[in-house]
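See structure below.
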2 protein chains.
Amino acid sequence: MIKIEDVARLAEVSPSTVSRALTRPEMVAPTTRERVVHAAHQLGYQPNKLARGLRKRQSHLLGLMVTDILAPFHATLAKGVQDAAEKHGYVVFLFNTDEQPEKERRYLKELQGHLPEGLLIVPTSQTRQNLGIVPGLTVIELDRTSGTPGVHSVLVDNVAGARRAVEHLIQLGHRRIGMVAGPPTVTTAVERLEGYKQALKAAGIPFQRRWVATGDHKEEGGYRAARQMLELPLEQRPTALFAGNSEMAAGAVLAIRDLGLRIPEELSLVSFDDTRWARLMQPPLTVVAQPAYDLGYLACETLISILGRQEPVQATSLRLATELIVRSSAAPPPQR
Amino acid sequence: MIKIEDVARLAEVSPSTVSRALTRPEMVAPTTRERVVHAAHQLGYQPNKLARGLRKRQSHLLGLMVTDILAPFHATLAKGVQDAAEKHGYVVFLFNTDEQPEKERRYLKELQGHLPEGLLIVPTSQTRQNLGIVPGLTVIELDRTSGTPGVHSVLVDNVAGARRAVEHLIQLGHRRIGMVAGPPTVTTAVERLEGYKQALKAAGIPFQRRWVATGDHKEEGGYRAARQMLELPLEQRPTALFAGNSEMAAGAVLAIRDLGLRIPEELSLVSFDDTRWARLMQPPLTVVAQPAYDLGYLACETLISILGRQEPVQATSLRLATELIVRSSAAPPPQR
DNA sequence: ATGATTGCTGCAATCGTTTGCAAACTCTCG
DNA sequence: CGAGAGTTTGCAAACGATTGCAGCAATCAT
């Protein structure tokens, strides 16, 4: 590994001058600068970030923790974060917590040793406590909030998105609408349920407990929840289902198929969160699409801009709008 | 940030002793050790990896470059890598090259400054040249090879996988089988085409140029390629299609639908690479599944074991087997 | 011509950790 | 009691970069 001293020797200057020529060009004479730059290039010099980070006490490193990198939503979000980070010369450490608070703890400790300048995190249920591991670190929460005071957040307008989806079903004539809800420990799930309730209320449809089944945001849970509602006696059975996320929607699709129901003739289905297969399945699924890439990109930009400021910044909170994409999985309820 | 000196003061020993107590316990007296450990714990001491890395000239860092983190195959692979890395105390930098050699260059430079100990890479078309940026680094290529001498690789047995898929179609009675192939610059695409040819040859079916259309491994390219073959006059048109990867299979599905053909009654479809939607679409897609997670996990384990050895290691190459998952998108050809 | 100013460069200290070496201490045994 | 061996500890020098300070030369004003 070429170091600054090698460049210095070749350019016949001191290491200090090399450092300055490369990082603060205006401080060194043009002719010297050129000699240094040339020597550096010739040797293929790359500054040692460890040494630099140690001395400058900054790493240009960001941490990103998502709960499930395999979910397209998270992968997309991660890409947005990385693209934004790269634009500003930051590098990001990506960790996958798998929704496990204990993994989150471990990764936070690991991360801390690398002196990150900021953290972007999709919280788990224990994030509020876990953040104690990294005191003083600037944190932005993505997608969900942990309720930790003082942290910034970039979220999606879940209430409005869910309400819009359910309104769509209501407009088609549905009155018995079931919701496959996510776990109440996750803020997005709570908000989407709230949107569902608001839509019902606005339409004067009474809220019914039996038409809400809770899953775990996974396919398996979605399958069970959907099945539970669809096995109600025919006259109580929902004519439409609203799934709280795409994984559970996948489970719902499987359940619906197993019960031999046809979409959308016998049952309408709308889901939160768009995916590749939503467009490819037959019939294509009507969904509430989230701006996942923008979410990540924006969050990262926000984080970096906060890092740039001297004085402490008020905790900011951003909500991005969703978009209802009407495809063909929702239709008027069957006549009887 | 608590440093070793703080711990030393609290435990009333020198910094050297703290360092030894924490990293080479057998070198310090039990009572001292305990005092140090206790002090460290009490202060919440976390070693500064930058300083340590600088001094020991090792970072416990690995680089991972994939060409498309949004593709489930890559995301899964990345997860395998990370899980294995974590098990051994390594951290991984994830980069996304988007198939762009120039991004790859940039990221390699960036990575180099952090003194990674190894690199796992899904090569692009220029990887062979680009690897010159990181001389001496231990490299493992994943999924594809770049032809660089001396690098290790962990791959999938594409030839056998593709052959198996096409044999399946032949067994069903197909004789006119089209292949939506990937770009010839990518080794996996070449190998899968080879498998296709081998299967035909073994069955005594002559290879025909017009039944191979090349896409770009993306949906768009798959759509065009499929369409091109399916618009041949009826008696020349393939009765089955084999897609070289899942993205192109998605394009093919769309093309088939646009042409109003039914799967599998009028056209059979088999694809390389399993995905979520392959199982969810109607009819579920028959695919050649790749052990993506294992690929990443194994590659990372291999890399780490190589790093552990002193003497230079012979370039190793691993091939993992694929699995044909028969679902319902392939059936006997229509009778005429 | 002199002193002040400016621009450029190098010296040396620093970031937090590890580690070779030697000093200090403990223990054993003649 | 003291030599020798074996432990345990601390000192100080690294690792590779950045930066405050001071020195030096060139330029400018008077």
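Everything numeric here is computed off the predicted structure, so don't read it as measured data.
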Checklist entry - Taking atom types as they are modelled, is there a donor-acceptor pair under 3.5 Å from the base of dT17(C) to the side chain of Arg55(B)? => result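 For Arg55(B), whose side chain was compared with the base of dT17(C), there is no donor-acceptor pair (under 3.5 Å).
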Item to check | Straight-line distance of Arg35(B) CZ to Thr31(B) OG1, nearest 0.5 Å | outcome: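 Between atom CZ of Arg35(B) and atom OG1 of Thr31(B) there are 6.0 Å.
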Next on the checklist: Just N and O in the side chain of Arg52(B): are any of them under 4.0 Å from OP1 or OP2 of dT18(C)?
Outcome noted: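 Arg52(B) to dT18(C) OP1/OP2: side-chain N or O found under 4.0 Å.
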Checklist entry - So, is Ser19(B) near the phosphate of dT18(C), with a side-chain N or O under 4.0 Å from OP1 or OP2? => result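 So the side chain of Ser19(B) is within the cut-off, an N or O lying under 4.0 Å from OP1 or OP2 of dT18(C).
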Rounded to whole Å, please give me the gap between [atom1] in [X] and [atom2] in [N].
| X | N | atom1 | atom2 | result |
| --- | --- | --- | --- | --- |
| Leu54(A) | dT17(C) | CG | P | 9 Å |
| Leu115(A) | dT17(C) | CG | P | 9 Å |
| Asn48(A) | dT17(C) | CG | C1' | 14 Å |
| Gln58(A) | dG16(C) | CD | C1' | 16 Å |
| Lys49(B) | dC15(C) | NZ | C1' | 18 Å |
| Met1(B) | dC15(C) | CE | C1' | 12 Å |
| Leu50(B) | dG16(C) | CG | C1' | 9 Å |
| Glu5(A) | dG10(C) | CD | P | 13 Å |

Next on the checklist: Ring-plane angle category for Tyr297(A) and Tyr293(A), please: parallel below 30°, perpendicular beyond 60°, tilted otherwise.
Outcome noted: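 Tyr297(A) and Tyr293(A): parallel rings.
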Next on the checklist: Within the 3.5 Å criterion, strictly below it, is a donor on Gln100(B) or Thr124(B) matched to an acceptor on the partner's side chain?
Outcome noted: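 Side chains of Gln100(B) and Thr124(B): no pair found under 3.5 Å.
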Item to check | Pair Ser153(A)-Ser317(A), side-chain donor/acceptor within less than 3.5 Å | outcome: yes
Between [X] and [Y], is there a side-chain N and carboxylate O pair less than 4.0 Å apart?
| X | Y | answer |
| --- | --- | --- |
| Lys3(B) | Asp6(B) | no |
| Glu110(B) | Arg106(B) | no |
| Arg144(B) | Glu99(B) | yes |

Checklist entry - Got a donor-acceptor contact below 3.5 angstrom from the Arg319(B) side chain to the Val156(B) backbone? => result yes
Next on the checklist: By the definition side-chain contact (heavy atoms from CB on, under 4.5 Å), identify the one residue from Val28(B), Val7(B), Thr32(B) that meets it with Val13(B).
Outcome noted: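 Single side-chain contact (heavy atoms from CB on, under 4.5 Å) partner of Val13(B) among Val28(B), Val7(B), Thr32(B): Thr32(B).
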Item to check | Start and end of the DNA chain D segment that chain B contacts, any atom under 4.0 Å from a heavy atom | outcome: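 Endpoints of the contacted stretch of DNA chain D: dT8(D) to dG16(D).
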Checklist outcome for this item: With sugar-phosphate taken as primed atoms, P, OP1 and OP2 and all else as base, the protein-contact string of nucleotides 4-9 of chain C at under 4.0 Å (heavy atoms; B, S, -) is ----SB
